[in-house]
**Q** 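The following block contains the structure, expressed as structure tokens.
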Amino acid sequence: MTMQVKEASIFDHTGNKIMTEDREIAIIAKMEDPKIAILGNVVSEAECEELIRLSKDRVNRSKIGSRHEVSDIRTSSSTFLPEDDVTNRIENRIAQIMNVPVEHGEGLHILNYKQGQEYKAHYDYFKSKVRAANNPRISTLVLYLNDVEEGGETYFPHMNLSISPHKGMGVYFEYFYSDPVINERTLHGGSPVTAGEKWAATMWVRRKQYR
Ligand SMILES: O=C(O)CCC(=O)C(=O)O
Ligand SMILES: [Fe+2]
């Protein structure tokens, strides 16, 4: 089936899989304008467990915005992971999935939501004209590192879309369209975890080299 597309997107994969150097990723579902793709088999169970293990002692209460304030908008804990064999391997794979050089990525950002914690609806792109003009964010990949007992869906209120977290799966979306209306449709959040906890990893990608 060919889809009607208003603007070309960064994620240009066709068919039902993405062959990266070390892993075959499943394209489970996708939509256009904005491109949102649900991906399976992005990371192995062992990789999920390793990322959680590496993060356990590092996570701190998440901050938001350029002033890095603690806020009710994001009640989870989080950390950026340093470079090592596992994170390098996963970041290289993610770069092939997102179709942008690995140096454009901000690095793996690990999120931990305990019961009742959430990330209210937000945009990943910068509102500040200065930051956006310098080197804007263009796309996001959220990976789920565990199976959440209940809640913790990633939701897109303008699209009436909600994705349940499943270990090893991910959701990709982008917001570098010339039509701002399409970008605004990427408003999204992580709904409250109602039972158990949620571990996720986010990769935010920039227009230009970042690292
Ligand atoms: O936890 C989620 O499902 C969403 C995370 C998110 O929106 C982000 O890290 O920017
Ligand atoms: Fe986000």
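For ligands, and for the atoms within them, numbers begin at 1 and follow the listed sequence. Predicted, not measured: the structure shown is a model, and the values here were computed from it. Worth knowing before you read on, the calculation uses all heavy atoms, side chains too, and leaves out hydrogens, waters and symmetry mates. In what follows, residues are counted from 1 in the order of the sequence shown.
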**Q** Is Glu103 salt-bridged to Arg211, cutoff N-O under 4.0 Å?
**A**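 Not counted as a salt bridge, because no side-chain N and carboxylate O are separated by less than 4.0 Å.
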**Q** Check the pair Ile94, Val102 against side chain to side chain contact (heavy atoms under 4.5 Å, CB included), reporting the backbone distance first and the verdict last.
**A** CA-CA 8 Å; Ile94 287 175; Val102 69; over 6 Å; no
**Q** Stepwise, does the side-chain hydrogen bond (donor to acceptor under 3.5 Å, both in side chains) test hold for Glu153 with Ser191?
**A** CA-CA 5 Å; Glu153 298 88 357; Ser191 58; 2.7 Å; yes
**Q** Hey, which residues fall under 4.0 Å of ligand 1 on heavy atoms?
**A**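 Within the 4.0 Å shell of ligand 1, which is judged on heavy atoms, sit Leu111, Tyr113, Tyr119, His122, Asp124, Thr154, His188, Gly190, Lys198, Thr202, Trp204.
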**Q** What is the number of protein N, O or S atoms that sit under 2.8 Å away from the Fe ion (ligand 2)?
**A**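 With waters ignored, the protein N/O/S count below 2.8 Å is 3.
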**Q** Any side-chain donor paired with an acceptor under 3.5 Å for Ser9 and Glu32?
**A**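 Checked: Ser9/Glu32 side chains show no N/O donor-acceptor pair below 3.5 Å.
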**Q** Counting the benzene-type ring for Trp, do His104 and Tyr210 have ring centres under 6.0 Å apart?
**A**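 They do not qualify: ring centres at least 6.0 Å apart.
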**Q** Strictly under 6.0 Å, is that where the ring centroids of Phe11 and Tyr172 end up?
**A**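 Between Tyr172 and Phe11, which both carry aromatic rings, the centre distance is below 6.0 Å.
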**Q** Using side chain to side chain donor-acceptor pair (under 3.5 Å) as the criterion, point out the one residue from Arg58, Gln117, Glu197 that pairs with Asn112.
**A**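 That would be Glu197.
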**Q** Start with the C-alpha gap between Tyr144 and Met169, add the side-chain angles, then the distance that decides, and say whether side chain to side chain contact (heavy atoms under 4.5 Å, CB included) holds.
**A** CA-CA 6 Å; Tyr144 304 115; Met169 289 182 50; 4.3 Å; yes
**Q** With a 3.5 Å cut-off and no angle check, do the side chains of Arg137 and Tyr125 form a donor-acceptor pair?
**A**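 Note: Arg137 and Tyr125 side chains miss the donor-acceptor criterion.
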